[in-house]
Amino acid sequence: MKIPIEIRWYRPPKNAIKLNCDGAFSSTNNVAGIGGLFRNSNDDWIMGYHKAIRASSPIHAESLALLEGLRIAVDFKHTNMEIKTDSTDVIKLMHEDCTNFHNIIFECRWLMHQLKLPILRHNFREGNEVAHRPAKEAMKHAPSNKCVYHTCPPFFAKEEVQKNKHESCNSIRTISTDVCNFLANMGNSNALKTMSYSCNLSFK
């Protein structure tokens, strides 16, 4: 059975901070970009970042996007936070024994321990578009060790930031109940709400 899911960004709990991070990758030349942003429960923009890099695969770029965000969080001592990524592979790597990108994943785990183990959850690409925009913007530049920081929303992310402020529906996806259940187990808020709603209907 397939069910429709409304995809949107949800605010973090009161007094918490949410990090959305994303990586973008081109297989033609292994150029990639990473991006992300921090916001509080009032939807206030705290910090954004993007960086042009080289990567070997999409999951490599996604992992580096998470790593950069965690480094920033540690620098700013954001210990009450949650993290959203649209990569289920990165979430799996963080919780399983792995040989791929071991150094990156090991540092991510170490940083998360310093941050008192924030929850890492999945969101759909459409719900993570506000982090995807900086990652795509980064790909327009030559790979560099320099990370660009944004103290206010940059022009290429403003539209998505405004959408998120109203927690408006970005799009609707139709997926199988099995996939919805899998994503709910990955902490996907949209999938969790849909599964909860479906369960309530079944008991009426």
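Starting from 1, each residue takes its place in the sequence as its number. Since the structure is predicted, the reported quantities are computational estimates derived from the model, not experimental observations.
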request  = Using a strict cut-off of less than 4.0 Å between a Lys/Arg side-chain nitrogen and an Asp/Glu carboxylate oxygen, indicate whether Glu82 and Lys18 qualify as a salt bridge.
outcome  = yes

ask   = Which atom pair, heavy atoms only, marks the closest approach of His122 to Ser87?
value = CD2-N, 4.1 Å

request  = Say whether Ser26 and Thr28, considering side chains only, have a donor N or O and an acceptor N or O under 3.5 Å apart.
outcome  = yes

message = If I take atom CD1 from residue Ile104 and atom CD1 from residue Ile59, how far apart are they, to the nearest 0.5 angstrom?
response = 9.5 Å

note = Distance col, row Leu70:CG vs Leu120:CG, nearest 0.5 angstrom, shows 8.5 Å

query = Do the side chains of Leu111 and Arg71 get nearer than 4.5 Å, heavy atoms only?
reply = yes

task = For Gly33 and Ala138, work out which heavy atoms get closest and say how close.
result = CA-CB, 3.8 Å

query = Do the side chains of Asp89 and Glu62 get nearer than 4.5 Å, heavy atoms only?
reply = no

CZ on Phe25 to CG on Leu64, rounded to 0.5 Å = 11.5 Å

note = dist Thr85:OG1 -> Asn123:CG (nearest 0.5 Å) comes out at 9.5 Å

inquiry  = Filter on side-chain hydrogen bond (donor to acceptor under 3.5 Å, both in side chains), then keep only pairs touching residues 168-187, sequence neighbours left out; what's left?
reply    = Glu126-Arg173

query = Honestly curious: do Met112 and Phe38 fall in one hydrophobic cluster under the side-chain, below-4.5 Å linking rule?
reply = yes

NZ/NE/NH1/NH2 to OD/OE distance under 4.0 Å, Glu129 and Arg125 = no

ask   = Salt bridge check: are Asp43 and Lys165 linked by an N-O gap of less than 4.0 Å?
value = no

ask   = Leu66, Phe106: one ILVMFWY side-chain cluster at the under-4.5 Å cut-off?
value = no

query = Can any side-chain N or O of Asn190 pair as donor or acceptor with the backbone N or O of Phe124 at less than 3.5 Å?
reply = no

message = side-chain contact (heavy atoms from CB on, under 4.5 Å) for Leu19 and Lys84? Distances and angles first, verdict last.
response = CA-CA 6 Å; Leu19 163 64; Lys84 287 292 180 83; over 6 Å; no

request  = Report yes or no: do Ile119 and Val74 belong to one cluster of Ile/Leu/Val/Met/Phe/Trp/Tyr joined by side chain heavy-atom distances under 4.5 Å?
outcome  = no

message = More than 12 heavy atoms of other residues, nucleotides or ligands under 6.0 Å from CG of Asp75: yes or no?
response = yes

ask   = Do His113 and Leu117 come close enough that some side-chain heavy atom pair is under 4.5 Å?
value = yes

Would you tabulate the side-chain donor-acceptor contacts of residues 143-150 under 3.5 Å, counting partners in other chains and residues two or more places apart, or write 'none'?
from, atom 1, to, atom 2, distance (Å)
Ser144, OG, Lys146, N, 2.9
His150, NE2, His50, ND1, 2.8

query = How many angstroms lie between atom CD1 of Ile5 and atom CD1 of Ile7, to the nearest 0.5 angstrom?
reply = 7.0 Å

query = Would Phe156 and Leu37 show up in the same hydrophobic cluster when neighbours are defined by side-chain heavy atoms closer than 4.5 Å?
reply = no

query = Do Phe101 and Ser57 come close enough that some side-chain heavy atom pair is under 4.5 Å?
reply = yes

query = Rounded to the nearest 0.5 Å, how far does SG of Cys180 lie from CD1 of Ile175?
reply = 4.5 Å

task = For the residue pair Arg121 and Met186, establish whether any side-chain heavy-atom pair is separated by less than 4.5 Å.
result = no

key: Main-chain N/O of Ser56 paired with His60 side-chain donor or acceptor, under 3.5 Å   = yes

request  = Would you kindly confirm whether Leu67 and Leu115 end up in one hydrophobic cluster when ILVMFWY residues are joined by side chain heavy atoms under 4.5 Å apart?
outcome  = yes

Heavy-atom side-chain proximity of Ile3 to Met1 below 4.5 angstrom = yes

query = Which of parallel (below 30°), tilted (30 to 60°) and perpendicular (above 60°) describes His78 and Phe76?
reply = parallel

inquiry  = Taking Ala191's backbone N and O only, do any of them form a donor-acceptor pair with Asn188's side chain (distance below 3.5 Å, no angle check)?
reply    = yes

Contact check, side chains of Ile83 and Cys21, non-hydrogen atoms, under 4.5 Å = yes

task = Show your working on side-chain contact (heavy atoms from CB on, under 4.5 Å) between Val161 and Lys163 and close with a plain yes or no.
result = CA-CA 5 Å; Val161 170; Lys163 283 183 187 177; over 6 Å; no

inquiry  = Quick check on salt bridge (Lys or Arg N to Asp or Glu O under 4.0 Å): which of Arg39, Arg133, Arg8 does Glu160 satisfy it with?
reply    = Arg133

request  = Write down the atom of Ala24, the atom of Met139, and the distance for their closest heavy-atom approach.
outcome  = CB-SD, 3.4 Å

key: Over all atoms of both residues, closest heavy-atom pair of Ala55 and Ala61   = CB-N, 4.0 Å

note = Heavy atoms of Ala65 and Gly23 approach each other most closely as CB-N, 4.0 Å

ask   = Any side-chain donor paired with an acceptor under 3.5 Å for Asn20 and Trp9?
value = yes

Stepwise salt bridge (charged side-chain N to carboxylate O under 4.0 Å, His left out) test for Glu6 and Lys193 = CA-CA 9 Å; Glu6 288 190 351; Lys193 286 185 180 293; over 6 Å; no

request  = Using side chain to side chain contact (heavy atoms under 4.5 Å, CB included) as the criterion, list what pairs up with Asn15, not counting sequence neighbours.
outcome  = Asn80

key: Residue pair Arg11 / Asn164, side-chain donor-acceptor N/O under 3.5 Å   = no

inquiry  = Looking at every non-hydrogen atom in both residues, tell me the closest pair between Cys169 and Ile172 and how far apart they are.
reply    = SG-CG1, 4.0 Å

